[in-house]
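Excluded from the calculations below are hydrogen atoms, water molecules and symmetry mates; all remaining heavy atoms, backbone and side chain alike, are included. These numbers were taken from a predicted model, which means no experiment stands behind them.
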Amino acid sequence: MMFERDKIPSQPEETPAEEPLKLVSIEDPMGPAAEAYRTLRTNLFYAFVDDPPRVIVITSPGPKEGKSLTCANLGVVLAQAGRRTLIVDCDLRLPSMHHLFGLRNFQGVVDLLAGGYEMRELWHEPVPGLRVLTSGPLPPNPAETLGSRRFAELLAKAREEFDYVLLDAPPVGAVSDPVILATQGDGVLIVLDAQGTRKGSLRQSLRSLEAVRANVLGTVVNNVDTSKKNYATYQLYTAG
């Protein structure tokens, strides 16, 4: 099932940086991009009234298409609406959530799975109501780590404590990790780059997710050219 999404204007490239990137939901809360994220939040609230998704995998067909930026901004606007929200950096190959929020990444998901910690000992709270669990040290076997029993137990505990759990996953076209995560979440949001995503890579991503019967909630278009006249027009995208 798909729902309406809004085009999200351009943001900086999703690349690691020493200084945290500016999240529009924090730096420009009255701007059109922040408003688009709030509309995306509203869609999550009301598009699935009877069975709303709570554990949501956010991925993209390829790298640098804005999936982590979308995950971070969506987490912020959910927290701003009073929803207890947890972001888990599940990109155990090229994590970026600590860069986006300017956090230390010495410990995180991997340490939690190794044992000896409680979740609340390792999460950060960069925004009131929003907890972020960074990746921690990168494991040698990310796919096996994310498919482990301990990771499933982590998600079960997170469901008990949070209204929404956002999983920032690697790109579908790069590795199998997001497909593994999709089998554990309630739904998948696919982030597209309006300037760079190819139709073929989107089709391939959908086929990979459909092969495991993932619940694809919809797509979010990122990096929209705001100079075009039709920028303000909201569009309904194709159903999966």
Side-chain angles (χ1 to χ4, degrees), residues 1-8 14 25 33-62 65-81 83-91 97 130 146 152 155-156 158-159 162-194 197 199 201-224 234-240:
M1 179 178 181
M2 308 289 283
F3 57 87
E4 290 188 2
R5 291 123 289 198
D6 304 322
K7 292 180 175 181
I8 296 175
E14 186 182 325
S25 54
E35 181 59 30
Y37 284 115
R38 286 192 289 272
T39 303
L40 176 61
R41 177 188 66 193
T42 301
N43 287 342
L44 284 176
F45 288 168
Y46 299 109
F48 308 92
V49 175
D50 293 332
D51 188 20
R54 294 180 54 211
V55 178
I56 301 170
V57 180
I58 299 177
T59 185
S60 58
E65 293 177 322
K67 50 96 177 165
S68 294
L69 281 167
T70 298
C71 181
N73 280 294
L74 180 59
V76 171
V77 297
L78 284 169
Q80 290 172 340
R83 295 327 198 253
R84 296 169 299 166
T85 304
L86 172 69
I87 292 177
V88 183
D89 195 337
C90 296
D91 192 337
M97 204 52 65
L130 172 65
L146 296 172
L155 290 185
R159 280 180 184 276
F162 294 92
D163 298 317
Y164 288 93
V165 180
L166 307 181
L167 308 182
D168 182 31
V172 179
V175 291
S176 62
D177 306 15
V179 176
I180 294 171
L181 289 170
T183 64
Q184 303 188 58
D186 299 331
V188 180
L189 278 179
I190 301 177
V191 178
L192 309 176
D193 186 322
T197 301
K199 291 181 180 178
S201 62
L202 173 59
R203 292 193 190 98
Q204 182 58 50
S205 297
L206 289 171
R207 282 196 290 268
S208 298
L209 293 168
E210 288 169 354
V212 296
R213 298 185 178 182
N215 179 24
V216 179
L217 303 173
T219 57
V220 180
V221 180
N222 185 53
N223 197 20
V224 174
Y234 295 158
Q235 296 186 2
L236 181 66
Y237 280 71
T238 56

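Expressed to the nearest 0.5 Å, how far CG of D91 lies from OG1 of T59 amounts to 8.5 Å. The CG atom of N223 sits 10.0 Å away from atom OG1 of T70, with the distance rounded to the nearest 0.5 Å. Distance CZ/R41 to CD/Q80: 7.0 Å, rounded to 0.5 Å. One distance of note links CG of L189 with OG of S60; it measures 12.0 Å at 0.5 Å rounding. I180 CD1 to L146 CG: the interatomic distance, rounded to the nearest 0.5 Å, is 6.5 Å. In this structure, CD1 on I87 lies 7.5 Å from CG on L74, to the nearest 0.5 angstrom.
Within a 6.0 Å sphere centred on CZ of R84, heavy atoms belonging to other residues, nucleotides or ligands number more than 12. In the displayed structure, R207 atom CZ is contacted under 6.0 Å by more than 12 heavy atoms of other residues, nucleotides or ligands.
Looking at heavy atoms from C-beta onward, L202 lies out of side-chain contact with K199 at the 4.5 angstrom threshold. Counting only heavy atoms from C-beta outward, the side chains of L209 and I190 approach each other to under 4.5 Å. The shortest side-chain heavy-atom distance between L130 and V76 falls under the 4.5 Å cut-off. Contact annotation: the side chain of L78 approaches that of F45 to within less than 4.5 Å [non-hydrogen atoms, C-beta and beyond]. Counting heavy atoms from C-beta outward, V172 and K67 have side chains that stay 4.5 Å or more apart. You'll find the side chain of I56 reaches within 4.5 Å of the side chain of L44, heavy atoms only. Residues V55 and R159 are in side-chain contact: their nearest non-hydrogen atoms beyond the backbone lie under 4.5 Å apart. P53 is not listed as a side-chain neighbour of N215, based on a closest heavy-atom distance of 4.5 Å or more.
For the pair D163 (side chain) and R83 (backbone), a donor-acceptor distance under 3.5 Å is absent. A donor-acceptor distance shorter than 3.5 angstrom exists from the side chain of R54 to the backbone of F162, with no hydrogens or angles considered. When atom types are taken as modelled, the side chain of D168 and the backbone of C71 share no donor-acceptor pair closer than 3.5 angstrom.
Contact detail for P171 and P61: the closest heavy-atom pair is CB-O, 3.9 Å. Residues M97 and A72 approach most closely at SD-CB, 4.0 Å, considering heavy atoms. Contact detail for A194 and V221: the closest heavy-atom pair is CB-CG1, 3.6 Å. Heavy-atom minimum distance, S25 versus V77: CB-CG1, 3.9 Å. Taking every heavy atom of both residues into account, V57 and A169 meet most closely at CG1-CB, 3.8 Å.
Listed by first and then second residue, the salt bridge (charged side-chain N to carboxylate O under 4.0 Å, His left out) pairs that reach into residues 173-183 are R93-D177, sequence neighbours excluded.
In this structure T42 satisfies the side-chain contact (heavy atoms from CB on, under 4.5 Å) test together with Y46, sequence neighbours excluded.
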Would L155 and L167 count as a side chain to side chain contact (heavy atoms under 4.5 Å, CB included) if you check the C-alpha gap in whole Å, the side-chain angles of each, and the deciding distance to 0.1 Å? CA-CA 10 Å; L155 290 185; L167 308 182; 3.8 Å; yes

